[in-house]
Amino acid sequence: MKTVELLESGKISLYDGLEKIILTSSLSDLAYVEGRKTAHDLGFDVWKKLKPSDERLKQKLGLKNLYTNSQAFPDFMFKSRVNNGQLVGGEILELKDAQGGNIASFNSTIPTEYKTLKEIERLNGQKGKTVIKIAELLDENSKNAEWRIYKRKCFYMIRTHKKHQDKIRVSIVDGAFFETIPERELIPSMFQNIFDRHAGEYEIPDNIREDARQVFRYLTDHILISFSQDITNASIKPRLRIMAEATKEGNPHWREYGIPEKTFNLIIKADGEAKIVEDIIKKREMRIQKHKIKHRNDGEFLVFSYRVR
DNA sequence: CCTATAGGATTCTTACTGTT
DNA sequence: AACAGTAAGAATCCTATAGG
């Protein structure tokens, strides 16, 4: 909502860096900022409230420089709130910026509807601790017992045709839009596909084929897959990375979904939460259009769409 | 303390295919 | 034949951290 107001007043534009758009509208609500250096260069100080000059801050975090980009997941995390004794909020936001019409590849981190901090710590490997430590300092609720393990909603801020004045679109998209089957099934299916490709080159008996299928059921963990592999006598260590591209159905900016150009959109599942958003828009009398998307693989989504002048 | 490295990250280009 | 959209491929950079 804040972002729409800022767009309306001209303080930010759809062509600005995605980081700048988020920092301008939400800096004080953030519990984690991945690009501390980028933010600093733009004139935002992530540590403002915590005395950035304080040497103890660096020590606590084990960082030499407080203004670095960690290059870890996610790009942003919002602060959590307590509602009726329950932790809520704390949303994850990942940015994807692209020159063309498709969404920039997901690299290493497969998009999902929810993630816990514990999962984020693990998937970041060596860098996981830093992400948690920063969030602990910036989020007042970090002492809460649920803080690391409650499910946080993931959103993806995507921009397509970022340099085309007439084609540009920016959307904040519910992770559910991309996660139409769980990672647990996705990765085994991927190995199954690879295996099937080999069937053209080798005669593979049916029992082997079935055994392979059973084996692939256990290959589910992208983190374990992505380590570089020590191979006896090999002088190189191969690394398998899972990169992912959204299919056309998985791209909310697909033409057939009909989202207009030059818009800033919020795209969420059509459920109870959507009603809350609708009420806010009505109350504030904002210039926002509502559309529906029938996702080819995943039910109905609502699009709250603001068109820039 | 210092250095090397593992493991984190994104975007552009090209080839191909179907359409006008 | 030009064009547009899609799938596949290729190219590097950065930093926390472990280990010497």
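Numbered from 1 within each chain, the chains take letters A, B, ... in sequence-line order. All of these numbers come straight from a predicted model, not from anything done at the bench.
- If you chain together hydrophobic residues whose side chains sit under 4.5 Å apart, Ile223(A) and Ile92(A) fall into the same group.
- Between Tyr257(A) and Phe177(A), the two ring planes are perpendicular [angle over 60°; tilted spans 30° to 60°].
- Straight-line distance from the CG atom of Asp75(A) to the P atom of dA9(B): 9 Å, rounded to whole Å.
- Judged by closest nucleotide on DNA chain B, Ile223(A) is the one of Asp97(A) and Ile223(A) placed further toward the 5' end.
- Interatomic distance, Leu93(A) CG to Leu30(A) CG, rounded to the nearest 0.5 Å: 8.5 Å.
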Do any N or O atoms of the protein come closer than 3.5 Å to N or O atoms of nucleotides 16-20 of chain C, and which pairs are they?
residue : atom : partner   : partner atom : Å
dA16(C) : OP1  : Thr68(A)  : OG1          : 3.1
dA16(C) : O3'  : Gln126(A) : O            : 3.3
dA16(C) : O3'  : Thr130(A) : OG1          : 3.4
dT17(C) : OP1  : Gln126(A) : O            : 2.7

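- Here the nucleotide nearest the side chain of Ser226(A), chosen from dT11(B), dG8(B), dA6(B), is dG8(B).
- Rounded to a whole Å, the CG atom of Leu224(A) is 14 Å from the C1' atom of dG7(B).
- Counting only heavy atoms from C-beta outward, the side chains of Thr112(A) and Lys115(A) approach each other to under 4.5 Å.
- Side-chain atoms of Lys153(A) and Glu113(A), non-hydrogen and from C-beta on, do get closer than 4.5 Å to each other.
- The closest side-chain heavy-atom distance from Met77(A) to Leu117(A) is below 4.5 Å.
- In this structure, Leu95(A) reaches neither bases nor backbone, as no heavy-atom distance under 4.0 Å exists between it and the strands shown.
- When atom types are taken as modelled, the side chain of Asp45(A) and the backbone of Trp47(A) share a donor-acceptor pair closer than 3.5 angstrom.
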**Q.** Contact state string [nucleotides 8-13 of chain C, B base, S sugar-phosphate only, - no protein heavy atom under 4.0 Å]
**A.** -----B

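- For the pair Ile172(A)/Phe264(A), a side-chain contact is recorded, criterion being any heavy-atom separation below 4.5 Å from C-beta on.
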